[in-house]
Structures are given as structure tokens and as C-alpha cells.
Amino acid sequence: MSIPPVKEQLEIIERGTVEIVPREELVQKLEKSRITQTPLRVKLGCDPTRPDLHLGHSVILRKMRQFQDLGHHTILIIGDFTAMIGDPSGANKTRPALSRGEIIENGRSYFEQASKILDPDKTEIVYNSEWLAPMSFEDVIRLASHYTVARMIERDDFTKRYQNNDTISLHEFLYPLAQGQDSVHLKSDIELGGIDQKFNLLVGRHLQREFGQSPQICLMMPLLVGTDGTQKMSKSYDNYIGIDEKPEDMYGKALSIPDQLIYPYFELVTDMDHARLPEIRERAENDPRNAKHDLAWNITRMYHGSGKADAARAHFERTVVQKDVPDEMPEFTFSPDSGHGLLDVIRETGFVPSSSEARRLVTQGGVTLDGEKITDPRFRFETGTEGAFILKVGKRKYGKLVFRS
RNA sequence: GGGGAGGUACCGAAGCGGUCAAACGGGGCAGACUGUAAAUCUGUUGGCUAUGCCUUCACAGGUUCGAAUCCUGUCCUCCCCA
């Protein structure tokens with residue numbers, strides 16, 4: 001497999017990036033690699049704390065894929081060892097450590113999902129416990145001596161937490177060092193990451209230099225803003241679109257983003273031809289409704305194919321725009337031999353976590369039965385009730401209630 | 001090691017003996033509206049066999065007719081000094 005000309009590569013590599021440190025060295029590395037026909041070693045670390053990948057992850061994974069397509073060597077590091085420490089970046093507090101079993105399982109699931117974006121045959125997978133776990137206390141102290149406290153506290157979230165008098169456990173300082181050690185061990189040429197990872201990536205660069213290696217290039221991608229339009233996409237903010245989600249949910253969630261996100265999403269998470277982006281930017285301004293539908297369709301298509309994307313669009317039109325009931329919904333069976341309180345029925349569908357919640361929804365007019373709003377929380381299906389009813393709870397939870405013995 | 005401050009619901013933060021299931025803000029949820037599951041406005045936000053009952057204010061005890069509020073012990077956090 002041959003490596004394309006540097007200029008061509010740069011154009012692809014720089015697409016969507018927020019920062020490349022330092023760009024000139026990247027050019028040099030690319031040139032050298034092309035002359036010697038030696039692929040560059042591109043590293044991406046993942047912290048397998050949450051097994052559900054979403055579009056936020058896809059931004060970086062897609063970049064990784066581009067390197068694969070350019071013929072470079074890509075390494076996905078499952079941070080099984082570092083996950084036990086708990087990564088402080090982003091969150092302004094200490095994350096809980098995970099058990100070994102959970103981490104292994106998460107790592108497996110991570111790769112499986114990432115394979116929707118990466119070429120699994122071209123992805124080398126490594127677990128960083130492989131080289132981090134055998135390190136002795138002496139090794140760790142040696143490693144730590146290559147970095148200073150002052151530089152460590154420079155890091156943005158440490159500074160903030162320190163100023164807020166929040167807890168910073170000492171072990172959190174070791175996380176960037178461990179990640180940097182990964183770069184040293186793997187002799188990486190390039191490390192990919194979100195812009196929030198900048199500090200960690202730079203530590204890797206620093207450590208490689210300390211150990212006499214050619215320091216890696218740090219390539220940072222922007223953080224994808226979540227569907228709420230304010231915070232970065234994250235499962236813990238519940239503003240994410242998972243790459244494993246059902247086509248209908250994917251489509252619907254994509255449509256719920258604020259208008260100003262239409263363009264960034266096209267740029268960062270779709271495979272839209274680069275040349276068409278200016279046109280799309282204009283359309284996002286002038287015809288947001290259709291632009292957003294296109295976006296939703298494209299995202300759904302990328303993960304489910306165009307047939308499913310068409311269906312998801314039709315589904316959306318029907319259920320949300322025309323407020324029709326969907327074709328398919330879960331069914332719940334009840335016996336007519338006894339009466340059933342509406343609140344209990346709602347709770348048994350699992351749509352709400354408690355009957356107090358069900359009561360609240362009913363009182364607020366959030367529950368309909370065969371299209372009719374029921375606002376009396378004492379409503380009952382009397383003994384002898386037969387037949388089926390369409391229950392709607394909240395904005396979009398539908399269930400079919402069947403009464404038969 | 002010494003001195004000081006503090007731990008309240010999903011988060012931030014009031015309350016400092018009864019009127020506290022606990023102000024206020026954020027977030028969530030619902031209703032109205034809408035091209036949208038956006039924005040905006042309104043309501044709501046511990047649980048239950050529900051106009052009453054039960055469990056919550058770090059944890060364990062205690063004082064009191066009555067405690068998130070007072071006392072004792074334990075755990076945890078932050079600040080200053082060493």
C-alpha cells in the first residue's frame with residue numbers, strides 16, 4: 001500500500017482539526033514517511049469507562065479512519081490500566097475507578113462499536129496495562145521525576161479545581177504521566193485527541209523528548225456540542241446521539257439540535273464531500289428545516305443505511321409532525337379478571353420509575369388513552385374490561401394495552 | 001503535628017429547635033406553542049395501598065413533647081500554620 005503525496009494528505013488530515021502541535025513537524029514527518037515509505041504510527045487512547053459510543057467519539061474515530069485510509073499505522077489503546085485511576089479531564093471532579101472485569105468488557109464493546117467507523121483489520125489494539133502494570137514503584141517515581149508540580153497545576157481543570165478548593169487526589173497527577181508513558185512505549189508519531197486532551201497529549205510529547213525519542217505530533221479535534229446546544233456531547237449530560245441507537249431515535253435526536261449546530265454537525269460527523277460544505281453552510285442559514293432533515297437523514301444513513309434512514313424520516317413525519325401513533329410499540333397484557341388503576345398500569349409499562357411520577361404526568365395532562373387525555377389519577381380499568389388501548393405517556397412513549405384472559 | 005471552616009435533594013446553594021419533603025438558581029419532566037424532540041411561556045420535580053401515611057438534610061448514638069437545626073462519637077473535604 002502506497003502513501004499519497006504530502007499535500008494531499010495534509011488536506012485530509014487538517015479537515016476539521018482545531019489544532020496541530022506543531023504543524024511544521026507534522027509536515028516533516030509526513031515527508032519522511034513518504035520518502036521511506038514507512039507508515040506513521042498514529043495513536044488514539046480510549047478510556048473505557050462508558051461503553052456507549054456517540055457522535056462525539058465519532059469525530060476523532062473518523063479522523064483515525066482517515067489516517068488508515070492514507071496508509072498509516074493506527075493503534076487504538078484501550079486504557080484499561082488508566083481507567084482504574086479515573087481520568088480527571090473534563091469533569092471537574094474525581095471520577096470513580098472501575099473494576100477490572102468491567103473495564104475488559106467495556107473495552108471489548110468499545111472496539112466493536114468503533115468498528116462501525118474504523119477499519120478493524122487495520123487497527124492494532126493494545127491494552128496499556130500490558131506495559132503499565134509491570135512497572136515497579138521505582139519506575140513510577142523515576143517517571144514522575146520527569147515532570148514538575150508547577151507544570152501539572154498549569155492544566156486547566158486542575159487549576160480550576162484547586163482554586164475552587166475542590167479535592168485533587170495525588171493519583172490524578174499520574175494519569176497524564178501514564179498516558180505519556182503510552183506514547184513513549186509505543187513510539188507514537190502522532191496522537192489524536194479532543195481539544196480537552198491537549199494537556200495529556202503534550203505530556204506525551206514532553207516525555208518522549210525526555211527519553212530521547214522524536215516527539216509525537218498532537219492533533220486535536222474540536223469537542224462536539226451535544227443536542228442541548230450548550231455542553232459537549234456526553235452520556236452523562238444526556239445530550240448525545242449514540243452510534244448504536246435505533247434509526248428513529250437517531251433521526252429524531254439529530255433533528256432536536258439547535259439550528260446553529262447544523263453546520264458544525266455536517267462538518268464533523270458526516271461524510272459529506274468537503275467541496276459541498278460551503279453550500280451546506282448557506283442552506284443551514286436560509287433553510288434550516290430542510291438542512292436539518294438532511295443532516296438527520298445523513299447521520300442515520302451512515303450507521304443504518306439509506307433504507308432505514310428513509311423509514312426513520314417517515315416515522316418522524318408521522319409521529320411528531322402529524323402526531324400519529326407509530327406502527328410499532330411495545331405491548332402489555334392485563335387480565336380482565338380484576339380492575340387495574342391507571343397509575344399502576346403506567347408504572348408496569350416501565351415508562352416511569354414510580355407511581356408518583358405517573359400521577360404527576362396524569363395530573364399535568366401528559367397521558368392519553370386512545371388519543372383522549374386522562375387527567376384523573378384515580379382512573380381505573382374496571383373488572384371485565386376487554387380489548388386494546390393505545391397508551392401515550394409524555395411526549396413520545398407509546399404502548400399498547402391489551403386486556404384479555 | 002497545631003488551629004479554623006464545612007458536609008443539605010440530580011447539581012449549585014439557603015435554612016440553624018416546631019409553620020421543612022426543605023427557599024432560590026441550574027438541570028430534568030410535562031403542557032401550550034412550533035418546521036422540530038429548538039426558542040419562549042406555564043406548571044412540576046423523595047416514595048406509597050395518596051386529601052393521609054412512610055423514608056430523607058455525611059454516618060452512628062443522645063437531649064427534647066418535637067431536630068436538617070442542640071450534644072457526643074465516627075468518616076470525609078477545604079483553608080491557614082508547621
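Every heavy atom of this structure was used, including side-chain atoms; hydrogens, water molecules and symmetry mates were not. Remember, predicted model here, so these are calculated numbers, not experimental data. Residue numbers start from 1 in every chain, and the chains themselves are labelled A, B, ... in the order their sequence lines are given, proteins ahead of strands.
Among the atoms of the strands shown, base atoms are found under 4.0 Å from some heavy atom of A:Gly252.
The nucleotide B:G6 finds its pairing partner in B:C76, both defining distances of the Watson-Crick or G-U wobble pair being shorter than 3.5 Å. Pairing partner, B:G1: B:C81, with both Watson-Crick or wobble hydrogen-bond distances short of 3.5 Å.
Distance, A:Arg289 CZ to B:A37 P: 12 Å, rounded to whole Å. Atoms NZ (A:Lys397) and C1' (B:G31) sit 15 Å apart, rounded to a whole Å. Atom CG of A:Asn239 and atom C1' of B:A37 are 14 Å apart (whole Å). Across the protein-nucleic acid pair, A:Leu170 atom CG and B:C78 atom C1' stand 17 Å apart, rounded to whole Å. Rounding to whole angstrom units, CG of residue A:Leu361 and P of B:G47 are separated by 11 Å. The separation between A:Arg313 atom CZ and B:G35 atom P is 16 Å, rounded to whole Å. Summarising the geometry, the separation between NE2 on A:His293 and P on B:U36 is reported as 8 Å, rounded to the nearest angstrom. For the pair A:Glu248 CD and B:A37 C1', the computed distance is 14 Å after rounding to whole Å.
By the 4.5 Å heavy-atom criterion applied to side chains, A:Tyr251 and A:Trp297 are counted as neighbours. Counting only heavy atoms from C-beta outward, the side chains of A:Ser58 and A:Tyr303 approach each other to under 4.5 Å.
Counting distance only, with no hydrogens placed and no angle test, the side-chain atoms of A:Gln364 and the base atoms of B:G31 include no donor-acceptor pair under 3.5 Å.
Near RNA chain B, meaning a heavy atom under 4.0 Å from it, residues 253-266 of chain A has A:Leu255, A:Ser256, A:Asp259 in order of number. Interface residues of residues 366-382 of chain A facing RNA chain B, ordered by number: A:Gly366, A:Lys373; criterion, heavy-atom separation under 4.0 Å.
Note on A:Thr167: every side-chain N or O is 4.0 Å or more away from OP1 and OP2 of B:U77. Phosphate proximity of B:U49 to A:Ser355: present, with a side-chain N or O under 4.0 Å from OP1 or OP2. Applying the 4.0 Å criterion to OP1 and OP2 of B:C48, one finds that A:Ser354 has a side-chain N or O inside that range. Regarding contacts with the backbone of B:C48, a side-chain N or O of A:Arg347 is found under 4.0 angstrom from either OP1 or OP2. Proximity of A:Lys395 to the phosphate of B:A30: a side-chain N or O atom is located under 4.0 Å from OP1 or OP2.
No side-chain donor-acceptor contact under 3.5 Å links A:His340 and A:Glu382. In this model, a donor atom of one side chain and an acceptor atom of the other lie less than 3.5 Å apart for A:Gln179 and A:Glu191. For the residue pair A:Gln68/A:Asp119, the side-chain donor-acceptor check at 3.5 Å is not satisfied.
Look at the C1' atom in both B:U8 and B:U55: the space between them is 16 Å, to the nearest Å. The gap from the P atom of B:A50 to that of B:G17 amounts to 37 Å, rounded to the nearest Å. Between B:A21 and B:C57, the distance separating the two C1' atoms is 10 Å to the nearest Å. Spacing between B:G15 and B:G25 at atom C1', rounded to whole Å, works out to 16 Å. Taking atom C1' on both nucleotides, B:C48 is separated from B:U74 by 33 Å, rounded to a whole Å. A distance of about 33 Å separates the C1' atoms of B:G18 and B:G28, rounded to the whole Å. Comparing B:G2 with B:C71, their P atoms are spaced 22 Å from each other, to the whole Å.
Of the charged side-chain nitrogens involved, none lies within less than 4.0 Å of a carboxylate oxygen, so that A:Lys43 and A:Asp189 do not count as a salt-bridged pair.
The side chain of A:Arg360 sits closest to B:U45 out of B:U45, B:A37, B:C29. If you check B:G35, B:A30, B:A50 against the side chain of A:Lys292, the one that comes closest is B:G35.
With A:Asn128 contributing its side chain and A:Phe81 its backbone, the two residues share a donor-acceptor pair below 3.5 Å.
Annotation: of the two residues near RNA chain B, A:Glu357 and A:Asp344, the 5′-most nearest-nucleotide partner is A:Glu357. Between A:Arg396 and A:Lys392, it is A:Lys392 whose nearest contact on RNA chain B lies nearer the 5' terminus.
The aromatic rings of A:Phe351 and A:Phe332 stand perpendicular to each other, their planes meeting at an angle above 60°, with 30° marking the opposite boundary. Ring pair A:His57/A:Tyr110 is perpendicular by interplanar angle, where above 60° counts as perpendicular and below 30° as parallel. Using cut-offs of 30° and 60° on the angle between ring planes, the pair A:Tyr147 and A:His206 is perpendicular.
The side-chain tip of A:Arg161 does not point at the ring of A:Phe158 from less than 6.0 angstrom away and within 45° of straight on.
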